[in-house]
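Each ligand, and each atom within it, is numbered from 1 in the order the structure gives.
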Amino acid sequence: MAKAHKSNGTAGFPKDLKFGNGRSVLVRLIEPDDEAKILAFARSLPHDDLLFLRTDITEPEVVEDWLNNVHKGNTATVIAEAGGQIVGYGSVHSDQARWTRRVGEIRVQVTPSYRGSGLGRHLAAEIFKIGQSRGLKKMAAMMTPDQAGARAAFDKLGFQVEALLQDWVIDRDGHPRDLLIMSYDLEGLNDRISV
Ligand SMILES: CC(C)(COP(=O)(O)OP(=O)(O)OC[C@H]1O[C@@H](n2cnc3c(N)ncnc32)[C@H](O)[C@@H]1OP(=O)(O)O)[C@@H](O)C(=O)NCCC(=O)NCCS
């Protein structure tokens with residue numbers, strides 16, 4: 001990716017892009033009134049995806065919390081929309097009040113019918129740019145080792161395994177799972193991620 005942008009990385013939105021078989025996707029910044037669309041997106045995800053959601057975004061109060069964090073500047077989110085419906089998002093979460101403030105946690109989610117066409121990579125790249133502009137030095141992605149697709153995708157984006165923590169999380173069905181943390185050092189950016 002190119003050098004850090006002087007803006008906060010949010011210039012240039014919305015963007016009309018083509019993915020897969022030429023399907024148009026509007027990539028834009030999240031809006032304060034996106035709650036209903038996010039809930040509809042989350043509730044449309046297959047059980048396997050819901051199982052591993054980092055926070056339960058099928059619940060209105062969790063989405064309200066997310067939107068509040070965007071308002072406070074702790075979270076930045078880029079939405080992918082097609083036909084007026086959300087088909088994916090990329091988000092970076094950090095907290096300036098914490099000692100982990102150099103690290104941003106990246107979350108990317110794409111609806112199954114839009115996977116494998118580069119949308120996840122694009123959303124991750126947009127979020128990288130925003131995270132870098134906000135001064136973050138490292139990006140981390142958290143998943144369970146069962147999320148093979150996510151691991152492969154982040155692997156291809158240049159992320160490396162940082163840690164494997166045993167029985168660290170509980171899935172939506174109440175089962176303990178290992179937590180795999182993959183990370184990418186923004187100070188050593190290379191050409192693998194570009195928007
Ligand atoms: C992870 C996820 C966002 C990837 O989205 P996507 O739109 O399918 O990703 P892309 O099409 O941009 O693929 C990115 C790269 O990963 C590879 N990849 C994606 N899914 C893969 C899979 N299941 N197996 C192997 N490789 C895969 C792609 O081939 C691509 O590499 P390439 O450009 O060299 O061909 C999507 O699978 C998803 O939403 N998963 C569920 C949520 C999740 O687990 N999120 C991660 C936790 S933060």
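- Applying the 4.0 Å criterion to heavy atoms of G118 picks out, from ligand 1, the atoms 10 (P), 11 (O), 12 (O).
- The protein non-hydrogen atom at the shortest distance from atom 39 (O) of ligand 1 is V110 N, 2.8 Å.
- For ligand 1, the atoms closer than 4.0 angstrom to any heavy atom of S117 are 11 (O).
- D34 contributes a side-chain N or O that, together with a main-chain N or O of E31, makes up a donor-acceptor pair within less than 3.5 Å.
- Protein heavy atoms are found inside the 4.0 Å sphere centred on atom 32 (P) of ligand 1.
- Among R115, R121, Q147, R107, the residue whose heavy atom sits closest to atom 41 (C) of ligand 1 is R115.
- Not one N or O of F154 is nearer than 3.5 Å to an N or O of ligand 1, by distance alone.
- For R177 (side chain) and V169 (main-chain N/O), no donor-acceptor pair under 3.5 Å exists by modelled atom type.
- One option in M142, K156, E105, H122 has a heavy atom closer to atom 47 (C) of ligand 1 than any other, and that option is M142.
- With F154 as the aromatic partner, K156 does not meet the cation-pi criteria of under 6.0 angstrom to the ring centre and within 45 degrees of the ring axis.
- Below 30°, between 30° and 60°, or above 60°: for W66 and H93 the angle between ring planes is between 30° and 60°, a tilted geometry.
- Counting non-hydrogen atoms of neighbouring residues, nucleotides and ligands closer than 6.0 angstrom, the CD atom of E35 exceeds 12 such neighbours.
- D173 places no side-chain N or O within 3.5 Å of a backbone atom of H175 that could act as its donor or acceptor partner.
- Contact annotation: A148 has no heavy atom less than 4.0 Å from any atom of ligand 1.
- For the atom pair CZ of R134 and CG of N74, the computed distance is 8.5 Å after rounding to the nearest 0.5 Å.
- Heavy atoms from other residues, nucleotides or ligands lying under 6.0 Å from CZ of R28 number more than 12.
- Within ligand 1, the atoms closer than 4.0 Å to a non-hydrogen atom of G149 are 20 (N), 21 (C), 22 (C), 23 (N), numbered from 1 in the order shown.
- Each of the atoms 7 (O), 12 (O) of ligand 1 lies under 4.0 Å from some heavy atom of L119.
- Remark: minimum distance from atom 1 (C) of ligand 1 to any protein heavy atom is reached at A150 CA, 3.7 Å.
- Side chain to side chain, S113 and R23 fail the donor-acceptor criterion of an N or O pair below 3.5 Å.
- The shortest non-hydrogen separation linking P60 to R43 is CD-NH2, 3.7 Å.
- Contact analysis leaves A141 out of contact with ligand 1, as no non-hydrogen atom separation drops below 4.0 angstrom.
- When G120, G116, G90 are checked for heavy-atom proximity to atom 8 (O) of ligand 1, G116 turns out nearest.
- Listed by number with element, the atoms of ligand 1 under 4.0 angstrom from any heavy atom of Q109 are 39 (O), 41 (C), 42 (C).
- Checking A152, P112, A153 against atom 24 (N) of ligand 1, the nearest heavy atom belongs to A152.
- The shortest N or O to N or O distance between V108 and ligand 1 is below 3.5 Å.
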